[in-house]
Amino acid sequence: MSNSLMGMFERDQQVFADATPLDDSYEPEDIRERDDELEKYQRALQPIIDNRPTSNIFLYGKTGTGKTVATKFMLSHLESDAATYDDVELSTIWVSCENLSSSYQVAVALVNELRLGQGKDRISTTGYSQQRVFDLLYDELDSLGGTVVIVLDEIDNIGQSDDILYGLPRARSNDYVEDVRPVIVGISNDFQFRENLSPKVKDTLAEKEILFPPYDANQLRSILHPRAEKAFHDDVLEDDVVPLCAAFAAQDTGSARQAIRLLREAGEIAQAEEADAVTGDFVRDAQDELEKNQLYQGMQELTTQGHAVLCALAYHQALDEVPVRSRDLYDRYIKICERLDADSVSERRVRDHLSDMNMLGLISVYERNEGLSAGRYHEYELDVPLKAVLDVLLSTSRFEDVANIIQSTAEDNNLLQSNLSNY
DNA sequence: CTTCCACTGGAAGATCTGGCCT
DNA sequence: AGGCCAGATCTTCCAGTGGAAG
């Protein structure tokens with residue numbers, strides 16, 4: 001890109017015609033490859049229109065298998081159809097439980113969502129007792145009346161804390177609410193979720209289940225094609241691009257979201273490089289780019305202690321002393337904390353941080369066992385380029401100085417170059 | 001086959017933060 | 001002001017583990 005002031009932001013759309021079909025929030029007018037699931041879904045919601053008792057509905061399937069899109073689709077039809085019958089009173093509320101880890105937090109979110117519609121003040125996310133929040137929730141529901149469809153997206157985040165799934169369906173029979181029929185639509189990424197519910201919830205939560213299997217490559221192609229056609233100018237996409245996105249995503253997660261993101265990223269890379277066509281190579285670049293972003297984000301979102309542990313491991317990496325066993329890593333960690341004048345945590349807690357980072361794919365763990373002479377222990381090393389870790393640490397003011405030291409140590413040992421090519 | 005090292009990882013509960021209620 | 005609440009983070013304790021050495 002040129003450095004002159006003129007034209008820095010000139011419109012530059014040789015690739016995209018209209019990228020909105022590739023947004024995460026885009027709602028297609030028809031849903032492909034999910035006919036059976038939609039039919040089941042429709043049957044499960046039908047009783048609402050018929051004013052009959054309605055089961056709760058649970059959708060199971062991994063991310064990007066169409067659960068959320070299908071639900072938005074069904075609800076908008078349900079709402080418009082319900083409006084044509086005078087005797088059907090219907091409202092819907094939607095809460096994404098993505099960042100909610102307990103029933104308490106879900107209840108607060110529901111109360112706030114309900115209050116939003118009426119211009120009332122939001123309630124705080126802490127401070128109340130659980131029963132207090134549930135009472136507030138019942139009050140709000142009561143003032144709505146009729147059938148209330150409550151969508152709890154990513155409900156599996158609440159884990160074992162499932163009181164809300166016990167309380168809501170029984171609100172009416174327990175006389176907490178008068179004239180409201182709550183219908184819960186739970187959306188879960190975790191097939192195990194139902195198994196792990198507490199027995200009292202499992203026994204009494206009348207429900208219909210709908211499974212959303214991962215998409216295969218053919219289905220993903222069929223999903224991508226119409227979007228690609230709208231999003232890109234004619235003849236910009238090479239023939240292998242959509243199949244390649246579909247194949248990558250099918251192989252990895254079977255997620256339509258992943259496939260669509262790949263396609264968009266590939267387009268953006270092509271645009272940035274001022275190419276006049278999107279080729280398969282851009283898809284491969286996009287794959288790398290998305291993976292990298294996810295790791296960066298994972299690293300950035302660690303707590304201060306997490307960063308300190310990561311820092312200790314990076315130091316060992318820079319000294320070429322990897323993999324490190326946990327006690328050596330812990331010594332280093334303590335020294336780093338002293339230098340930073342920061343609190344240090346117990347060895348046990350450091351192991352927890354390490355196992356979190358392992359889950360995120362940031363580090364590798366090897367189990368070692370030297371029997372009677374040296375026992376059983378774990379060794380760790382970075383699974384992401386040292387350069388990437390340092391980038392994150394350098395941008396975290398507290399770790400800037402230490403990161404600089406690590407960086408020069410790594411340079412002395414020539415440990416940055418080999419990793420640089422990817423980043 | 002038994003011993004036993006050096007951890008690992010589960011469990012329970014303490015501490016701290018931010019916020020409500022009277 | 002002081003008690004209470006929920007959640008996140010951390011500490012303390014300790015039974016359990018797997019394989020080389022004996």
Side-chain angles (χ1 to χ4, degrees), chain A residues 95-115 120-140 152 154-168 192 196 198 298-313 316 321-338 340-360 362-381 396 398-399:
Chain A
V95 165
S96 165
C97 308
E98 195 182 348
N99 298 312
L100 310 174
S101 59
S102 68
S103 277
Y104 179 90
Q105 292 174 344
V106 171
V108 171
L110 279 169
V111 170
N112 283 333
E113 189 64 30
L114 285 161
R115 290 195 162 197
K120 292 195 220 166
D121 288 341
R122 298 172 61 85
I123 62 170
S124 155
T125 53
T126 55
Y128 301 101
S129 69
Q130 173 158 300
Q131 195 51 56
R132 190 73 204 273
V133 177
F134 278 26
D135 288 344
L136 287 169
L137 177 56
Y138 296 140
D139 287 348
E140 295 297 333
L152 303 175
E154 303 193 37
I155 183 64
D156 47 309
N157 270 334
I158 67 168
Q160 318 282 331
S161 149
D162 51 14
D163 297 355
I164 188 107
L165 295 179
Y166 186 78
L168 269 183
Q192 302 283 314
N196 297 335
S198 64
M299 275 192 277
Q300 247 145 13
E301 286 171 359
L302 293 172
T303 60
T304 304
Q305 286 301 333
H307 281 138
V309 175
L310 188 62
C311 203
L313 186 52
H316 277 280
E321 290 171 359
V322 282
V324 223
R325 62 189 301 165
S326 50
R327 70 170 169 211
D328 296 341
L329 184 63
Y330 187 68
D331 292 345
R332 179 104 271 151
Y333 159 82
I334 292 290
K335 279 183 195 141
I336 285 174
C337 287
E338 277 166 9
L340 288 171
D341 204 17
D343 292 338
S344 56
V345 298
S346 65
E347 201 166 350
R348 178 72 187 84
R349 185 65 189 144
V350 167
R351 281 207 297 278
D352 279 343
H353 283 297
L354 285 167
S355 108
D356 287 350
M357 287 191 258
N358 187 32
M359 291 287 188
L360 287 170
L362 298 176
I363 66 178
S364 300
V365 184
Y366 311 99
E367 200 175 312
R368 288 282 135 78
N369 196 326
E370 292 174 50
L372 201 140
S373 61
R376 182 169 161 266
Y377 56 93
H378 284 180
E379 288 186 329
Y380 304 87
E381 77 178 326
T396 312
R398 192 151 192 193
F399 289 90

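Proteins come first, then strands; the chains are lettered A, B, ... in the order of their sequence lines, and each starts at number 1.
Scanning for side chain to side chain contact (heavy atoms under 4.5 Å, CB included) contacts around A/S344 gives A/Y333, A/I334, A/C337, with sequence neighbours left out. The side chain to side chain contact (heavy atoms under 4.5 Å, CB included) check on A/R325 picks up A/R327, A/D328, A/Y377, A/E379, with sequence neighbours excluded. For A/S101, the side chain to side chain contact (heavy atoms under 4.5 Å, CB included) partners are A/Q105, not counting sequence neighbours.
Here A/R351 lies in heavy-atom contact (under 4.0 Å) with a base. Residue contacts for A/S355: at a heavy-atom cut-off of 4.0 Å it reaches no nucleic acid atom on any strand shown.
Between the side chain of A/Y104 and the backbone N or O of A/Y128, at least one donor-acceptor pair lies under 3.5 Å. A donor-acceptor distance shorter than 3.5 angstrom exists from the side chain of A/S103 to the backbone of A/I164, with no hydrogens or angles considered. Under the 3.5 Å distance criterion, the side-chain polar atoms of A/H307 are matched with a main-chain donor or acceptor of A/M299.
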For nucleotides 19-22 of chain C, list the nitrogen or oxygen atoms of the protein found under 3.5 Å from its nitrogen or oxygen atoms, one pair per line.
{"residue": "C/dG19", "atom": "O4'", "partner": "A/N369", "partner atom": "ND2", "Å": "3.2"}

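For the pair A/L354/A/V365, no side-chain contact is recorded, criterion being any heavy-atom separation below 4.5 Å from C-beta on.
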Scoring nucleotides 2-10 of chain C by protein non-hydrogen atoms under 4.0 Å (B base, S sugar-phosphate only, - none) yields ---BSSSSB
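Judged purely by distance below 3.5 Å, without hydrogens or angles, the side chains of A/N157 and A/E98 never pair a donor atom with an acceptor atom.
The pair A/E370-A/R376 fails the salt-bridge criterion, with no side-chain N (NZ, NE, NH1 or NH2) lying under 4.0 Å from an Asp/Glu carboxylate O.
For DNA chain B, the outermost nucleotides in 5' to 3' order that have an atom under 4.0 Å from a heavy atom of chain A are B/dT3 to B/dC21.
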Worked verdict on A/D352 versus A/R349 for salt bridge (Lys or Arg N to Asp or Glu O under 4.0 Å) | CA-CA 5 Å; A/D352 279 343; A/R349 185 65 189 144; 3.5 Å; yes
